[in-house]
**Q** 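Before I ask anything, let me first share the structure, which is written out below as structure tokens.
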Amino acid sequence: MIKRTIYITNPFNLTTRNKQLVVRGKDNNSETTIPIEDIGIVLIESREVNLNSHLLSELATANVAVCVCDETHHPIGLQLPLNGHNLHGERFRMQLSAGETLRKQLWSTIVKAKIRNQGQVLDYYGFESTALKERIRQLRSGDPGNEEGQAARYYWQTLMAEVPGFYRDRNGPPPNGLFNFGYTIIRTAVARSLVGSGLLPVAGIHHHNRYNAYPLADDLMEPFRPWVDRAVVAIVRQSGPDAPLDKDVKTSLASILTQDAAFEKSTSPLLIAIQQSAAQLARCFETGKVELSFPSL
């Protein structure tokens, strides 16, 4: 079953009643109820949302991730359940004891999948992607040559050539806000899946920023970013780079998790594909073997 992503952008009071999330408007006292068992992610953007510990407990029990964003739509807080997997302790120990060789192999596998999917976005919009194939060919374990960075420079210059002055940065010019919002959805879904697979999001493979609480999520989400990129370019082409991040745009970006993601022998919604990759990563830590795959667009 595909879990729903609920984003809260207006002043609301959030409570729970009979295993339902109750969303009540502060202005007009309107009320909407949603079964908690149907929810995977609650994304809170408004600074005028009230909720209580009872609701947080109910959401955590149901393995629902609760993400709070700042004014640039970047996540600044994330509540994940501690009981997402019955082998958490064992999985934590295996993850933390993984050797450097395994970590490098996993990272190069992630980078390869990311560059491949970036190439598919360029192909989708009719751009030349041969340069990215060369970056994949040059990729070695651990990416010592920074093929990821070289691919990114070409990718963004090509993909966003129609937007003068664009550079990709969380605080950069429009449409960076659209990318930020989409990546927040992907990051939260990945973090939730990692916990659900018994892994510790704070212990990354490649990302090690001391101020980053979810480096493993930032590692694993890399191959999934191109789904956001493709969707944002479609929005920009329809409404321009200054397209407002309104309800329709947010709904469009939130629907990314239901889009198709193709593995070699099967196709599934992106949210399910994220869960599959997270589960494979857990097995990699258990076995010490790199048997990690990612879907393509």
Side-chain angles (χ1 to χ4, degrees), residues 63 65 75 78 80-119 132-152 155 183 186-226 261 263-266 270-296:
N63 194 25
L78 184 60
L80 294 170
L82 290 176
N83 62 344
H85 196 280
N86 56 4
L87 295 177
H88 255 139
E90 181 179 330
R91 289 280 173 88
F92 286 176
R93 286 190 292 274
M94 291 179 175
Q95 177 187 350
L96 294 174
S97 63
E100 188 66 16
T101 299
L102 177 62
R103 292 175 182 277
K104 287 183 176 180
Q105 291 174 341
L106 288 171
W107 178 240
S108 53
T109 299
I110 289 171
V111 170
K112 179 180 180 180
K114 177 184 180 180
I115 297 175
R116 180 200 65 202
N117 285 346
Q118 287 176 328
L132 298 189
K133 295 181 176 66
E134 177 61 20
R135 298 277 68 82
I136 292 176
R137 196 181 69 81
Q138 297 286 344
L139 185 64
R140 291 180 290 156
S141 179
D143 190 19
N146 192 24
E147 304 301 332
E148 181 200 17
Q150 296 185 61
Y155 175 69
Y183 294 154
I186 295 291
R187 189 185 196 226
T188 305
V190 170
R192 175 181 176 275
S193 296
L194 290 171
V195 173
S197 298
L199 297 176
L200 193 61
V202 73
I205 296 169
H206 176 78
H207 290 87
H208 295 289
N209 189 320
R210 62 187 300 186
Y211 303 109
N212 182 357
Y214 303 99
L216 188 60
D218 290 338
D219 288 331
L220 196 67
M221 72 176 284
E222 295 292 352
F224 300 104
R225 288 178 182 267
F263 285 97
E264 185 176 349
K265 296 181 179 179
S266 64
L270 183 60
L271 180 61
I272 303 301
I274 289 173
Q275 294 170 352
Q276 291 177 356
S277 293
Q280 289 179 357
L281 180 60
R283 286 196 292 273
C284 291
F285 287 128
E286 283 183 340
T287 64
K289 299 178 181 178
V290 181
E291 296 175 337
L292 179 61
S293 63
F294 292 94
S296 56

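No hydrogens, no waters, no symmetry mates; every other heavy atom, side chains included, goes into these values.
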**Q** Looking only at non-hydrogen atoms, find the nearest pair between Y183 and M221 and report the distance.
**A**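 So the two residues come closest at O-CE, 3.6 Å.
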**Q** With no hydrogens and no angle check, is any side-chain donor or acceptor of Q280 less than 3.5 Å from a backbone partner on S293?
**A** yes
**Q** State which residues pass side-chain hydrogen bond (donor to acceptor under 3.5 Å, both in side chains) with N117; sequence neighbours excluded, sorted by chain then number.
**A** none
**Q** Work out which heavy atom in E291 is nearest to a heavy atom in C284; give both atom names and the distance.
**A** N-SG, 3.4 Å
**Q** Determine which pairs satisfy side-chain hydrogen bond (donor to acceptor under 3.5 Å, both in side chains) with at least one residue from residues 101-115, sequence neighbours left out, and list them in order.
**A**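 Every side-chain hydrogen bond (donor to acceptor under 3.5 Å, both in side chains) pair that includes a residue of residues 101-115, provided the two are not neighbours, is W107-H206, K114-E148, K114-E222.
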**Q** Answer whether the closest heavy-atom distance between the side chains of L281 and D219 falls below 4.5 Å.
**A**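 Not touching, per the 4.5 Å side-chain cut-off.
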**Q** Testing the 3.5 Å rule here: is there a donor-acceptor pair between the side chains of E134 and Q138?
**A** yes
**Q** Kindly indicate whether the side chain of I115, heavy atoms from C-beta on, has any atom under 4.5 Å from the side chain of Y155.
**A** no
**Q** For the atom pair CD (Q275) and OG (S197), what is the distance rounded to the nearest 0.5 Å?
**A** 8.0 Å
**Q** Nearest 0.5 Å, what's the CG-OG distance between L199 and S193?
**A**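 Those atoms lie 10.5 Å apart.
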**Q** Indicate the atoms forming the closest heavy-atom contact of H207 with P215, along with that distance.
**A** O-CB, 3.2 Å
**Q** Atom CG in D218, atom CD1 in I186: separation rounded to 0.5 Å?
**A** 12.5 Å
**Q** Suppose we screen for side-chain hydrogen bond (donor to acceptor under 3.5 Å, both in side chains). Which residues come up paired with R140, at least two apart in sequence or across chains?
**A** none
**Q** S277 and L292: which non-hydrogen atoms are nearest, and at how many Å?
**A** O-CD1, 3.5 Å
**Q** So which heavy atom on P226 is nearest to which on Q118, and how close?
**A** CG-N, 3.9 Å
**Q** Find the distance between CD (Q276) and CG (L270) and round it off to the nearest 0.5 Å.
**A** 10.5 Å
**Q** Quick check: does any side chain N or O of Q95 sit under 3.5 Å from a backbone N or O of A203, one acting as donor and the other as acceptor?
**A**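 Here the side-chain-to-backbone pair exists.
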**Q** Is a side-chain N or O of Y214 found less than 3.5 angstrom from the main chain of R187, in a donor-acceptor match?
**A** no
**Q** Do side-chain atoms of R192 reach the backbone of N63 as a donor and acceptor pair under 3.5 angstrom?
**A**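 Yes; judged by distance alone, with no hydrogens or angles, the pair exists.
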**Q** Where is the tightest heavy-atom contact between V195 and P201, given as atom of each residue plus distance?
**A**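 Minimum heavy-atom contact is CG2-CG, 3.7 Å.
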**Q** Return the CD1 to CG distance between I205 and L102, rounded to the nearest 0.5 Å.
**A** 7.5 Å
